[in-house]
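Read through the structure below, which is laid out as structure tokens, and then see the notes.
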Amino acid sequence: MHGTNNAEVAAAEFAERPRAGESTGAITRSQTLLFAASVGIIVTNLFAPQTLVGLIGPSLGAAASESGLVSMATLLGYAAGLFFLVPLSDLVENRVLVLRMLCVAAVAAAVTAFAPSAASLLLLLFILGAACSCIQVLVPVAASMAPPGQDGRVIGDVMSGLMIGILLSRPLASLVADAFGWRAFYGISAGALALLAMLLGLALPRRRPLANASYAALLASLFELLREEPVLRRRALTASLVMAAFSVFWTAVALRLAAPPFDLGQRGIALFALAGAGGAAVTPLFGRAGDRGFTRPATIACHLGLIAALGLAAWAGAAEAGGTWVPLILMGASAVLLDIGVTGDQTLGRRAINLLQPKARGRLNGLFVGIFFIGGAIGSLLAGIAWAWGGWNAVCAAGAVFGVVALVVDWVK
């Protein structure tokens with residue numbers, strides 16, 4: 001009981017983010033845009049590897065079954081950062097923490113551009129992913145600068161930058177790689193991260209946390225929340241499953257599109273990724289469905305749509321000769337449907353966990369995001385294995401299995 005009480009005290013301290021003295025003034029429009037641009041630029045490092053695996057693996061002598069490790073490394077690093085680095089924001093002055101993490105990210109990206117082997121690349125990408133978790137420190141800092149009652153507006157504006165970064169990361173990486181090679185992407189990213197560190201060094205206010213708990217106690221409070229909240233466990237589980245399906249598809253689809261009958265180069269793959277991102281446009285509809293009490297049926301619809309998308313992708317990918325436009329259009333439709341299923345589940349899940357404990361909202365979201373990124377890392381790993389074992393059909397089957405398991409979780413309430 002004594003350990004539990006300590007964890008509860010730590011949890012309470014972790015949730016406290018007093019507004020007085022946290023910032024030098026109300027956030028301006030230009031500062032909001034800077035925060036949004038910052039998280040958008042940082043997050044590109046997490047999803048860009050999914051479209052670069054077809055170039056990175058062969059250039060470093062990696063086998064086809066190991067290609068998924070490239071996109072897995074940054075996602076796994078990001079999840080580790082959420083669990084073990086972000087809690088430091090309640091012990092360390094936030095401006096200093098963000099700048100140090102950005103500097104580490106910039107150095108990791110710069111060294112990645114010269115990685116001599118697959119093993120060194122994976123280690124560097126893991127470090128880069130972990131350092132990119134500073135996103136989850138920046139968002140609360142932006143919220144602390146918002147005028148009373150406008151936290152939601154500011155967070156929404158900043159998160160829009162995050163979504164744009166996620167959507168543009170794959171096509172941007174493909175275009176850069178097509179023109180200059182995959183190493184150039186990380187060189188450009190290193191420069192962008194270094195520039196961000198300088199700009200945020202001038203714009204960020206000092207934000208000193210007041211928690212007196214130890215680092216170990218803060219970590220313990222996270223596990224207490226996970227143990228106490230069944231809704232968090234269920235929504236994080238389904239989110240990790242659909243994220244795994246998402247990563248399986250997007251890690252391997254570049255390999256399929258580069259093969260006959262599509263024969264797309266990096267520029268074509270970039271355009272495909274940009275078109276597939278259109279599914280995120282329906283995200284607000286799922287939020288409204290949750291507000292009207294349709295969370296469970298909407299979640300089931302998302303998972304059914306995800307399974308259907310992977311079935312359609314398998315059908316489109318079965319084409320070997322003849323015209324390419326029809327299979328390509330079907331593959332694009334499957335990508336849009338998949339993105340709808342994934343973003344819908346994420347939206348409904350975030351809404352559900354944000355209704356649990358208002359004082360623990362930051363930790364709840366951190367746990368939710370961390371767990372679903374672990375799912376994404378697992379999916380990326382399995383994509384390479386499935387591709388080497390059974391080609392595109394095996395990839396789609398692996399993704400569909402994740403969707404079916406999510407559907408089972410929906411019914412076992």
From CD (Gln346) to CG (Asp339), nearest 0.5 Å: 11.0 Å
Pairing residues for Tyr78 by the ring-ring contact (aromatic ring centres under 6.0 Å, His included) criterion, not counting sequence neighbours: Phe373
Backbone of Val96 reached by a side-chain donor or acceptor of Glu93 within 3.5 Å: yes
Closest approach of Gly370 to Ala79 (non-hydrogen atoms, all atoms of both residues): O-CB, 3.6 Å
Backbone of Leu200 reached by a side-chain donor or acceptor of Arg95 within 3.5 Å: no
Side-chain donor/acceptor of Thr251 to backbone N/O of Val248, under 3.5 Å: no
pair Gln266-Leu175: side-chain heavy atoms closer than 4.5 Å: no
Leu219: side-chain contact (heavy atoms from CB on, under 4.5 Å) partners, not counting sequence neighbours: Phe84, Pro87, Tyr215, Leu222
CA sep, side-chain torsions, deciding dist, call: Asp291, Arg351, side-chain contact (heavy atoms from CB on, under 4.5 Å): CA-CA 9 Å; Asp291 290 340; Arg351 179 187 175 278; 2.9 Å; yes
With Arg267 via salt bridge (charged side-chain N to carboxylate O under 4.0 Å, His left out) - residues at least two apart: Asp178
Non-hydrogen side-chain atoms of Pro49 and Val70 separated by less than 4.5 Å: yes
Set of residues satisfying ring-ring contact (aromatic ring centres under 6.0 Å, His included) with respect to Phe372, sequence neighbours excluded: Phe368
Side-chain touch Ser169/Leu46, heavy atoms, less than 4.5 angstrom: no
Distance, nearest 0.5 Å, that separates CG of Leu407 from CD1 of Ile307: 5.0 Å
Value rounded to 0.5 Å, distance of CZ in Arg256 from CE in Met331: 6.0 Å
side-chain contact (heavy atoms from CB on, under 4.5 Å) against Thr238, all qualifying residues, sequence neighbours excluded: Arg235, His303, Asp345, Val409, Asp410
Pairwise side-chain contact, Leu356 with Leu225, heavy-atom cut-off 4.5 Å (strictly under): no
Donor-acceptor list for residues 381-405 side chains, cut-off 3.5 Å, not counting sequence neighbours:
residue, atom, partner, partner atom, Å
Trp392, NE1, Ala313, O, 2.8

side-chain contact (heavy atoms from CB on, under 4.5 Å) partners of Ala106, counting only residues at least two apart: Leu193, Ala194
N/O donor to acceptor pairs below 3.5 angstrom from side-chain atoms of residues 51-64, sequence neighbours left out:
residue, atom, partner, partner atom, Å
Thr51, OG1, Ser174, OG, 2.7
Ser59, OG, Leu55, O, 3.3
Ser59, OG, Ile56, O, 2.8
Ser59, OG, Trp182, NE1, 3.0

Pairwise distance SG(Cys302) to CG(Leu337) - rounded to 0.5 angstrom: 10.0 Å
Leu306 side chain near Val342 side chain, heavy-atom distance below 4.5 Å: yes
Full working for side-chain contact (heavy atoms from CB on, under 4.5 Å) between Met101 and Leu97: CA-CA 6 Å; Met101 292 176 75; Leu97 179 62; 3.9 Å; yes
Nearest atoms (heavy-atom pairs only) where Phe47 meets Met243: CE2-CE, 3.6 Å
Between Ser380 and Ser71: side-chain donor-acceptor atoms closer than 3.5 Å: yes
Within-4.5 Å side-chain heavy-atom neighbours: Phe35 and Ser38: no
Approximate separation, where rounding is to 0.5 Å, of Leu237 CG and Leu232 CG: 11.0 Å
Closest contact, heavy atoms only, Ala173 versus Ala48: CB-CB, 3.6 Å
Atom pair CG/CZ of Leu264 and Phe272 - distance to nearest 0.5 Å: 8.5 Å
side-chain contact (heavy atoms from CB on, under 4.5 Å) between Trp315 and Leu310, intermediate numbers included: CA-CA 9 Å; Trp315 185 28; Leu310 289 158; over 6 Å; no
Student check: side-chain heavy atoms of Leu75 and Ser247 closer than 4.5 Å: yes
Check: Asn94 main-chain N/O paired with Arg207 side-chain donor or acceptor under 3.5 Å: no
Exceeds 12 heavy-atom contacts within 6.0 angstrom, atom CZ of Arg100: no
If you look only at distance, which donor and acceptor atoms sit under 3.5 Å apart when one is on a side chain in residues 120-135 and the other is two or more places apart or in another chain?
residue, atom, partner, partner atom, Å
Ser120, OG, Ser117, N, 3.2
Ser120, OG, Ser117, O, 2.9
Ser120, OG, Ser117, OG, 3.1
Ser133, OG, Ala130, O, 2.6

Candidate pair Phe286 and Thr299, rule side-chain contact (heavy atoms from CB on, under 4.5 Å), full reasoning: CA-CA 9 Å; Phe286 288 102; Thr299 300; over 6 Å; no
side-chain contact (heavy atoms from CB on, under 4.5 Å) partners for Ala190, two or more places apart: Ala109, Ala110
Side chain to side chain donor-acceptor pair (under 3.5 Å): pairs with one or both residues in residues 187-198, sequence neighbours excluded: Asn45-Ser189
Any side-chain heavy-atom pair of Ile371 and Phe83 under 4.5 Å: yes
Partner residues of Asp263 under the side chain to side chain donor-acceptor pair (under 3.5 Å) criterion, sequence neighbours left out: none
Donor-acceptor under 3.5 Å (Arg170 side chain, Ala270 main chain): no
